Amino acid sequence: MKLSRIGRVSMALVVSVAMGLGMTACGGGTIGFMWVLGTQFNQIAAFKIDDFTGNLTAPPGSPFSSGGTNPVSLVVKPGGRYLYVINEGGGLTPDAKGGVSCPTIGGGGGKIAEFAIGGQGVLTFQQSFTSQGCTPVWAAHDSTGNFLYVLDKYAPGANCLPNGQPEAPAPPNFCNGEITVFSIDPNTGRLTLVLNQQIKDPTTPGLQLTYFPVGALPKMMAVAGSCVFTLNNDANQTVYPYIGGSSGQLTLTTNSTINSGAVRATSIIASGTSAYITDAGPANTNTPGQILPFTVGGTACSLNTITGGPTQNLSPASNPVYTLVDSKNQYLYIANQSSSNSTTPNSSISAFTILPNSTLQLIPDAPNNPYPIGAGPVCMVEDPSNQYIYTSNGDGTVTGKVLDHNSGKIANLSRGSTFTAVGQATCLAVSGNVD
C-alpha cells in the first residue's frame, strides 16, 4: 500500500509525538521515574516506568554517582524537582570492645547529596550537606514537603557498645541517635539547618542544640501525619515518637519511648492512621517472623496495639525486612530476604488483606503467595499510577510485579519482571512528575 505525501507526513508526526512522549510500539508512555541506590560502586540507577507494561528503561547517563559513600536511603521532594540521597559514609572505627564514638559532626564521612531531577529522570548533582551526628541511615520528608528529616545512628558525643548501651563509665556516657531537621528551599532545594529550640546545647553554653535526640541505634523512620517515629535497635526494640510542627520543630510526646514488642524489629512504616513493624524473630533461626500492626494515636503520636493484631508471616518466607501498604490502604506486602524451604530458597513478597479493624488476613493465592523475587530485597515501592510494585534487591536487580487491586494478588510483568540496576542495591524511590 502506498501512502500519499500528506499521509506520510501525518504518520511521521504521529511517530514523532509518540517518541516525544516516550511511547513505542511495545509500550504506553512514561508514567514515572525510579531511582535505585547501590553501594558496590556508590551509584544511582535511573529508570523510566512504562505505563502499559511496567517495564523499566534507563535514560542517558545512568547510572549516576551517589555523591558519597554507601548510599542507603533517598527522598524525592514532593513536586519531583529534587532528590536527596543519604550516603552513610565509611563508618566509625570500633574499639577493642566493638564500641564506637561520634566525636564530631559528620564523623564517619556521611553526606546528604542533593540532585536536580531533569527530563527522563536524569540527575544533576547540586551540592552536599552534613547531618549533625554520625552515620546517617534514613531520611523522610514531613507531610508538607517543606522539611527533611535525616536520621543519624549516633548523636554527637555518643559512645555506644554494639548492644546500644553507653560505653564510657564517665560523661559523656550516653548512647543515642538523633534526627537532624532541615528546611527545604522550594526554588533551589537547598537545605538549611533547623535548631532545636527546646533544648540548650550542654557543651556550648547559650546555644541551642542542633538536633533532636532519639533512642539508641536507630535504623529507620516513619512519618504519619504530624507524627515521626524512629525504630531503635536497642535491647527493647523501642520506638521513639515525636510530634512535628509547622516550623520544623519536633516535640517529644508524653510517652517518649514505646516498647514495640518485637524480638528483632527490622522495619517500620506508617500509612494513614496505621503503623506496621516487621519482626524477624530470634537471630539465626530462619523463622517466618511476624507483623505487628498498630493504630497511631492522634495528637499524642502513640502506637496502640490491636487486639489479635500480631500476625504470623507466611511460611516458608523468613527474615521479613520491609513493608508496603498499597495506595488504597487495602493490602499489605512484606519483603522477605530468605526462605525456610531449602529446596526453594527464594526471597519473596508475602501478601495480606488489611481488614476494617486493621488486623491482617492472608491473601489466598496458593502456591504463588509468597511470591518469588530477586535475592535479598531491601526496599519496596508502588509506582505512581498504582499499577505495579517494585523491590530493590541486594543482588543488584529490581523486581517488578503487576498489582490486582480487586484481589491484592501480584503477578509477573508481561515483558519480564527482572531488571539490572546497580551492584548491591539498597533502597529505591519513584516520582510521578515526568514533565
Side-chain angles (χ1 to χ4, degrees), residues 33-47 59-92 102-142 144-156 178-196 208 210-212 221 223 247-248 250 422 426-431 433 435:
F33 301 134
M34 177 189 295
W35 301 275
V36 186
L37 304 179
T39 58
Q40 183 177 17
F41 301 111
N42 303 314
Q43 293 176 317
I44 311 167
F47 295 102
S62 177
F64 305 94
S65 170
S66 72
T69 304
N70 291 330
V72 292
S73 181
L74 69 171
V75 176
V76 181
K77 186 184 186 309
R81 294 180 59 192
Y82 301 104
L83 176 74
Y84 302 94
V85 173
I86 305 305
N87 292 283
E88 188 178 60
L92 301 171
C102 177
T104 59
I105 292 173
K111 292 182 179 179
I112 306 154
E114 177 200 349
F115 295 86
I117 301 172
Q120 302 187 70
V122 170
L123 299 178
T124 302
F125 175 76
Q126 301 298 295
Q127 56 190 317
S128 289
F129 303 89
T130 304
S131 54
Q132 295 299 289
C134 300
T135 314
V137 294
W138 202 259
H141 63 73
D142 78 320
T144 67
N146 294 326
F147 298 96
L148 181 71
Y149 304 138
V150 178
L151 181 63
D152 283 329
K153 190 174 182 178
Y154 306 106
E178 59 91 6
I179 298 173
T180 301
V181 179
F182 296 97
S183 62
I184 306 175
D185 187 290
N187 299 311
T188 65
R190 182 179 177 84
L191 302 179
T192 301
L193 181 66
V194 175
L195 298 178
N196 186 335
Q208 299 300 131
T210 57
Y211 60 88
F212 298 83
M221 178 167 46
V223 178
S247 63
L250 297 179
V422 280
T426 54
C427 271
L428 75 170
V430 296
S431 173
N433 296 86
D435 294 335

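The first residue of the sequence shown is numbered 1, and numbering continues consecutively from there. Just so we're clear, the structure is a prediction, and the values are computed from it rather than from any experiment. Just the heavy atoms: all of them, side chains too, but no hydrogens, waters or symmetry mates, feed the values below.
Atom OG1 of T210 sits about 8.5 Å away from atom CG of N196, to the nearest 0.5 Å. Rounded to the nearest 0.5 angstrom, L428 CG and I44 CD1 are separated by 12.5 Å. For the atom pair L74 CG and W35 CH2, the distance stands at 8.5 Å (nearest 0.5 Å). Annotation: the span from K111 atom NZ to T130 atom OG1 amounts to 7.5 Å, rounded to 0.5 Å. Taking OG1 of T426 as the reference point, atom CD of Q40 lies at 12.0 Å (rounded to 0.5 Å). Separating the OG1 atom in T124 from the CG atom in L83 is a distance of 11.5 Å, to the nearest 0.5 Å.
Judged purely by distance below 3.5 Å, without hydrogens or angles, the side chains of E178 and T180 pair a donor atom with an acceptor atom.
Shown here for K77 and Y84, the closest heavy-atom pair between the two residues is CB-CE1, 4.1 Å. Closest approach of S128 and G67 over heavy atoms only: OG-O, 4.1 Å. For V223 against A140, the heavy-atom pair with the smallest separation is CG2-CB, 4.0 Å. When all heavy atoms are compared, the tightest approach of V76 to S431 is CG1-CB, 4.1 Å. The shortest non-hydrogen separation linking V137 to V72 is O-CG2, 3.7 Å. Shown here for F33 and G118, the closest heavy-atom pair between the two residues is CE1-O, 4.3 Å.
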Next item on the list: Test D152 against I179 for side-chain contact (heavy atoms from CB on, under 4.5 Å), laying out the working first.
Entry: CA-CA 6 Å; D152 283 329; I179 298 173; over 6 Å; no
Next item on the list: Decide yes or no on side-chain contact (heavy atoms from CB on, under 4.5 Å) for L193 and Q132, but give the supporting numbers first.
Entry: CA-CA 9 Å; L193 181 66; Q132 295 299 289; 3.9 Å; yes
Note to self: Please evaluate residues I86 and W138 with respect to the criterion side-chain contact (heavy atoms from CB on, under 4.5 Å), reporting the C-alpha separation (whole Å), side-chain torsions for both, the decisive distance (0.1 Å), and the verdict.
What the structure shows: CA-CA 7 Å; I86 305 305; W138 202 259; over 6 Å; no
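Residue F41 qualifies as open at atom CZ: its count of foreign heavy atoms under 6.0 Å is 12 or below.
A distance-only check finds no donor-acceptor pair linking the side chain of E114 to the backbone of I112 [under 3.5 Å].
Residues that satisfy the ring-ring contact (aromatic ring centres under 6.0 Å, His included) test with Y82, not counting sequence neighbours, are absent from this structure.
The aromatic rings of F182 and F129 are tilted relative to each other, their planes meeting at an angle between 30° and 60°.
Counting only residues at least two apart or on different chains, the side chain to side chain donor-acceptor pair (under 3.5 Å) pairs with a member in residues 63-76 are S66-N87.
Put simply, the side chain of P136 does not reach to within 4.5 Å of the side chain of L151, judged on heavy atoms.
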